[in-house]
Protein chains: 2
Amino acid sequence: MESKMNTREKILTTAAILFQKNGYHATGLNEIIKESATPKGSLYYYFPNGKEELAAATIKLMGDKIQHDIKEELAQNSDPVQAIKEFILDLAWKFNEKEDQENCFSIGLLALETVSISDSLRKACTEVYDMWTDTYYQKLVSSGLSSEKAKELSLILQLMIEGAITISLIRNDNTMLVATAEKIPVLLKDK
Amino acid sequence: MESKMNTREKILTTAAILFQKNGYHATGLNEIIKESATPKGSLYYYFPNGKEELAAATIKLMGDKIQHDIKEELAQNSDPVQAIKEFILDLAWKFNEKEDQENCFSIGLLALETVSISDSLRKACTEVYDMWTDTYYQKLVSSGLSSEKAKELSLILQLMIEGAITISLIRNDNTMLVATAEKIPVLLKDK
DNA sequence: GTCTATAAAAGGATAGAC
DNA sequence: GTCTATCCTTTTATAGAC
């Protein structure tokens, strides 16, 4: 399957996995080209501005992929409370399958690292989070919530999911994600 | 003031500030010894196991300092809802004063980085989070909540605060912390 | 305990052949 | 477009004088 990808795609997907798992600074360009079995010359051919440009491309890639997953999950349930709860439970399930390297579901580490090194990367991450939040917002509005209430709740959702993933990673245990999912009805009850 | 510290303390506090701000991998030992104006020999004299041992010590230091701050804030209000709300608003305030390098309030970046490089550092971070969570737990129990309910809510609080700080850092904007504080009454209403 | 010089490895980036 | 060899910098870590 990887052999069907072209060189640029191989570099990009390998970088995305490594950046997500180990972070920006812990991931060497040599590691990326070795893991993806591509020559270093190609990396700089496709990403002339080096590591930062490659990171920007991976942020966009991961952002879009996760966005797609969110939409897919939320569409499976007309009731937003149930839909969002199921989505977070799905995250919890994916967390336990995270050996499967296709399962990317967070850019938190990469985002925090970029804060102190590159304003353009930081902004790229901000845009990704905004995109995700807007998806929650749309779901809440479509179920009849006022725009104001939906805006507020979608931000809280975003922050809770981010926090739950972070704590789950640090504890190496998905129970915080499950607990968050269970708490969603209480949180959204307050319309 | 810094001159009153001994060499070990200078290294430790400087490392804590840099690790918190820029992360583990982005902070070089040379940067730490330069910033703290201490000789490299002393670093390896006090921390024979190098960077990892130094990081472990800073995690403990930051954990204890923040723990102290949490206790201090929560003690100022007998009502736990108000106390926790005020505590988060204080975080939001500190966020805007973060040029003051004394103001450490998160080990999130450091913690996420350690997940993939050192299980002992990861566990050190987990213990810090558990310590903080227990402080919220004690406050909730002391106000009459059942142990079970307090346990559940203290974990949710921990995760929301972590998420709010993360998103605030990435957005470079403390409004998510303020929004979280405002949401606390709704969350804790569900006893 | 303090300090400096230096080793040894890894990092990002570039040049230039093909 | 592909590939390799190499440069320069920075990293962690150590040796050994004082």
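The sequence lines fix the lettering, A, B, ..., with proteins before strands; numbering per chain opens at 1.
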So, for B:Met131 and B:Gly63, which heavy atoms are closest and what is the spacing to 0.1 Å? CE-O, 3.3 Å
Relative to each other, are the rings of B:Tyr24 and B:Phe19 parallel, tilted or perpendicular (30° and 60° limits)? parallel
Taking OH from A:Tyr45 and P from C:dA13, how many angstroms apart are they, rounded to a whole number? 19 Å
Under the criterion side chain to side chain donor-acceptor pair (under 3.5 Å), which of A:Gln67, A:Lys71, A:His68 is the partner of A:Thr135? A:Gln67
For B:Lys65, all residues meeting salt bridge (Lys or Arg N to Asp or Glu O under 4.0 Å), sequence neighbours excluded: B:Asp69
Is it true that the side chains of B:Lys85 and B:Asn77 contain a donor and an acceptor less than 3.5 Å apart? no
Looking at B:Lys10 and B:Glu35, would you say the former's side chain and the latter's main chain have a donor-acceptor pair under 3.5 Å? no
Taking atom C1' of C:dA10 as reference, at what distance in whole Å does atom CD1 of A:Ile33 sit? 13 Å
Just to confirm, is there a sub-4.0 Å distance from OP1 or OP2 of C:dT2 to any side-chain nitrogen or oxygen of B:Tyr46? yes
At under 4.0 Å between heavy atoms, which parts of nucleotides 6-18 of chain D does protein reach? Answer with one letter per nucleotide, 5' to 3': B base, S sugar-phosphate only, - none. -----BBBB----
Phosphate OP1/OP2 of C:dT2 contacted by B:Thr7 side-chain N/O (<4.0 Å): yes
